[in-house]
*Asks:* 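Handing you a structure now.
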There are 2 protein chains.
Amino acid sequence: MAEATIRDVASRAQVSVASVSRVLNGFEKVSQQTRERVAAAVAELGYVPHAAARSLSMARTHSIGVVLPDLHGEFFSEIVRGMDRVASERGYLLLLASLHVGSPLGTSALRALRGRVDGAMVMAPHLGEEELAATLPPGVPIVLLNTRGQEGRHPTISLDNAAGASAVAEHLLALGRKRVIHIAGPLGNADAQERAQAFAARLTQCEGVTLETVEGDFSEQSGEAAVATLLHSNQPFDAVFAANDNMAIGALQALRQAGRQVPEAVAVAGFDDIPMARHLGLTTVRVGIAELGEHSLSELLDTIEGRGAPPASTLHPVELVVRTTTGQP
Amino acid sequence: MAEATIRDVASRAQVSVASVSRVLNGFEKVSQQTRERVAAAVAELGYVPHAAARSLSMARTHSIGVVLPDLHGEFFSEIVRGMDRVASERGYLLLLASLHVGSPLGTSALRALRGRVDGAMVMAPHLGEEELAATLPPGVPIVLLNTRGQEGRHPTISLDNAAGASAVAEHLLALGRKRVIHIAGPLGNADAQERAQAFAARLTQCEGVTLETVEGDFSEQSGEAAVATLLHSNQPFDAVFAANDNMAIGALQALRQAGRQVPEAVAVAGFDDIPMARHLGLTTVRVGIAELGEHSLSELLDTIEGRGAPPASTLHPVELVVRTTTGQP
DNA sequence: ACGCAACGTGTAACCGGTTACATGTCTCAA
DNA sequence: TTGAGACATGTAACCGGTTACACGTTGCGT
């Protein structure tokens, strides 16, 4: 037995398909009798409207594409949680499309969004300007997250990486640290670059403070490896700032394994404030990831629903959170 | 300028829409010339096929609905990560629909899946049998996760909760613990029930061992509150088994705050093995959450694509992981 | 030279909804 | 009595793809 269609419902209720559609969509001008007959037929047949058909004729899907890079753990779940809150509140579903770094299939998935979503949130801090412009689907409203180079074309929401990184620098200087290590994110990543740059800018203003930057890939493992290498080379250092919490956590493990006291011998700070940071007492930069997701999706839905165009580009504020890895043990 | 349609491409390439469709879908019997003209027209117009239209005529969406309860943090991201791996590998997108506990809108979201997805993964351990049967959309292939009462109707994949809980019981007994607390999950939750039941079954076989069970709601906070209450009432205990890691982590915090030594004074164990458990040294039951997601989605895709029907019901194995909260400090 | 098959292509129906417009009925004022 | 207007309802076109079927060419064997 195939699924019931609106015509089945119409013939069963002895009315036209137009009337059925009107009843289902809460249209005003329908008689009480028609309304009841349709309701009865719908219940008897267990009828559910077919979303694809509706989308086609209404040019509306009530879905939003969420395009994210391979995200590590908690950042991912937090941002999706925030988006899900506003999506379900406003009657949308989220279509997840992860953009596997370096995979050509990933970018084609982006184009496949046409006719599937009413708009998309795209986070692609690792893509270059031209590369990105080429893969964005035409005709779909888009809000970009932490993605550089499209500010003129699409509304863009970014973290205030510079403010966060300089706050950390300030904090480490106030603690009197002199030999500082920065574990940066991947080279092509815009967030990573901004953090590294602002951090370096603040530190090099000070006499007698050295900074060395090494590259990681945002994974815990890469943070651990970076610190292990440094320890192995016998280079002295008394502070580590990792470009995200995952790498900071890796760094903590390497230090603990080597028996270095945190924060006495080495102060450690991260970026993001993922939930785990609180448990480990990690000093970090609080981003409010879920709020970032909420805020950006709200903005996208507003433009889709025509409630005024959003500003071209906004900065999401961040805040330094001092915990035990730089304070009291 | 509106979006180009297949008819625009056809007229530009001076062929019929059928030919365009054949070229785009890699159909064999097309002349070289036609192929080239279509390719040129597609490129010039920046044409991208409209997914809703294609879905409607093919009765195929290449999307999978993922229906999850309000999940706490890492469990959520892990299971989605696993599903995303197989989805993107096999050319599907994931449509996220979170089932907010107690929200009537949530269940309607489930019906809205018709025409939007080719199948759905549903995880609803908090729903009763009839309630569930009423909200499941008809005519959509479904695999259930950790959800009881539909085994005859839909393939169901569940965790081996009993094995995990009795392994923990065994372990605590081997350590010589005598006064045991179990922080259970919510009453209506099937996983929670199975864990509590198996745990109790093993412990009550032993003379001289007492067990008290208190109820939590799977949140970290509820675990913390439960232990705080127990400490406050001066009731003695030397072991806590929480029905998930989140609550176990809350319990650890309450114990630390009260100055109780873990594991000397109180041994603590959880369930799930979320990534944070490793960092905190938490003894727990490893579930392989991402693998669970991979495995269940593969099974769903197999049935959708007709590669043999899956068994009615399978158990996902689990494994005890002993760390410092029950072993050496 | 003829018939037939294989092949490439085009026409139009179809998927399941929405909705502009036409139609029929009823009420009420002139 | 008649005509206008309000209202409920039905008919059919449309959204943008896919595909069954019909059609015209070409090449082959006899």
Side-chain angles (χ1 to χ4, degrees), chain A residues 2-38 41-42 45-63 111-118 137-140, chain B residues 2-38 41-42 45-63 111-118 137-140:
Chain A
E3 292 288 299
T5 74
I6 198 174
R7 301 183 213 262
D8 298 330
V9 175
S11 72
R12 175 141 229 206
Q14 312 222 48
V15 298
S16 72
V17 293
S19 292
V20 176
S21 179
R22 290 196 266 260
V23 170
L24 262 43
N25 295 313
F27 199 78
E28 291 289 322
K29 304 302 177 54
V30 185
S31 75
Q32 189 59 29
Q33 194 198 35
T34 305
R35 205 180 296 278
E36 284 164 9
R37 295 169 90 158
V38 170
V42 164
L45 294 171
Y47 170 74
V48 180
H50 192 281
R54 200 201 285 259
S55 297
L56 182 55
S57 66
M58 306 235 291
R60 212 68 202 309
T61 64
H62 285 275
S63 311
R111 305 198 85 82
L113 254 38
R114 161 157 133 98
R116 237 185 239 284
V117 299
D118 296 335
V140 177
Chain B
E3 292 289 299
T5 74
I6 198 174
R7 303 188 212 259
D8 298 331
V9 175
S11 71
R12 178 146 241 229
Q14 313 220 48
V15 297
S16 71
V17 293
S19 292
V20 176
S21 179
R22 295 202 248 297
V23 170
L24 263 42
N25 296 312
F27 200 79
E28 292 287 325
K29 302 300 178 53
V30 185
S31 75
Q32 189 59 28
Q33 195 197 32
T34 304
R35 205 179 297 277
E36 283 164 9
R37 296 169 89 159
V38 170
V42 164
L45 295 172
Y47 170 74
V48 181
H50 193 282
R54 200 201 286 258
S55 296
L56 182 55
S57 67
M58 306 233 292
R60 213 67 203 309
T61 63
H62 284 277
S63 313
R111 306 197 84 83
L113 254 38
R114 159 153 135 100
R116 239 184 235 286
V117 300
D118 296 335
V140 176

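Letters go in sequence order (proteins before strands), and every chain restarts at 1.
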*Asks:* With heavy atoms under 4.0 Å as the rule, sort B/F27 into base, sugar-phosphate or nothing.
*Replies:* nothing
*Asks:* If you go through the side-chain atoms of A/R114, does one of them form a donor-acceptor pair with the base of D/dG16 closer than 3.5 Å?
*Replies:* no
*Asks:* Given atom CG of A/L45 and atom P of C/dG16, what is their separation to the nearest angstrom?
*Replies:* 14 Å
*Asks:* Quick one: A/R37 CZ to D/dA8 P, roughly how many Å, whole number?
*Replies:* 16 Å
*Asks:* Note down the inter-axis angle between the two ends of the helix from C/dA1-D/dT30 to C/dA30-D/dT1, five pairs each, to the nearest 10°.
*Replies:* 60°
*Asks:* Considering all heavy atoms of both residues, which atom of A/A112 and which atom of B/A51 are nearest to each other, and what is their separation?
*Replies:* O-CB, 4.2 Å
*Asks:* Rounded to whole angstrom units, what separation is found between the CD1 atom of B/I6 and the P atom of C/dA12?
*Replies:* 17 Å
*Asks:* Just to verify, what does B/R35 make a salt bridge (Lys or Arg N to Asp or Glu O under 4.0 Å) with, not counting sequence neighbours?
*Replies:* none
*Asks:* Could you check whether the side chain of A/R22 and the base of D/dG10 have a donor-acceptor pair of N or O atoms closer than 3.5 Å, going by distance alone?
*Replies:* yes
*Asks:* Within the structure shown, what part of the strands sits under 4.0 Å from B/T34 by heavy-atom distance: base, sugar-phosphate, or nothing?
*Replies:* sugar-phosphate
*Asks:* Just call it for A/T5: base, sugar-phosphate, or nothing, with non-hydrogen atoms closer than 4.0 Å on any strand.
*Replies:* sugar-phosphate
*Asks:* If we ignore hydrogens and angles and just use 3.5 Å, is the side chain of B/T61 paired with the main-chain N or O of B/D118 as donor and acceptor?
*Replies:* yes
*Asks:* From the set C/dG10, D/dA12, D/dT19, return the single nucleotide nearest to any side-chain atom of A/V17.
*Replies:* D/dA12
*Asks:* Just the rounded figure in Å: distance from P of D/dG17 to CG of B/L24.
*Replies:* 9 Å
*Asks:* When you measure only distances, ignoring hydrogens and angles, does the side chain of A/R54 come within 3.5 Å of the base of C/dG16 through a donor and an acceptor?
*Replies:* no
*Asks:* Would you kindly give the CZ-to-C1' distance between A/R7 and D/dA13, to the nearest whole Å?
*Replies:* 11 Å
*Asks:* Quick one about B/R116 and A/S63 (side-chain donor to acceptor, distance below 3.5 Å, no hydrogens or angles considered), yes or no?
*Replies:* yes
*Asks:* Check this one for me: any side-chain N or O of B/S31 less than 4.0 Å away from OP1 or OP2 of C/dG8?
*Replies:* no
*Asks:* To the nearest angstrom, how far is B/H50 atom NE2 from D/dT18 atom P?
*Replies:* 12 Å
*Asks:* If I take atom NZ in residue B/K29 and atom C1' in nucleotide D/dG24, what distance separates them, rounded to the nearest angstrom?
*Replies:* 17 Å
*Asks:* Please report the distance, rounded to the nearest Å, between CE in B/M58 and P in C/dG16.
*Replies:* 15 Å
*Asks:* Take B/S19 and B/L56, find for each the nucleotide of DNA chain D with the closest heavy atom, and name the residue whose nucleotide sits nearer the 5' end.
*Replies:* B/L56
*Asks:* Quick one: does any side-chain atom of A/S21 pair with a main-chain N or O of A/V17 as donor and acceptor, under 3.5 Å?
*Replies:* no
*Asks:* Report yes if the side chains of B/L24 and B/V42 come closer than 4.5 Å at any heavy-atom pair, otherwise no.
*Replies:* yes
*Asks:* Would you please name every residue forming a salt bridge (Lys or Arg N to Asp or Glu O under 4.0 Å) with B/R7, sequence neighbours left out?
*Replies:* none
*Asks:* Do A/S19 and A/R37 get their side chains close enough for a donor-acceptor pair, meaning under 3.5 Å?
*Replies:* no
*Asks:* Does C/dG10 have its OP1 or OP2 closer than 4.0 Å to a side-chain nitrogen or oxygen of B/S16?
*Replies:* yes
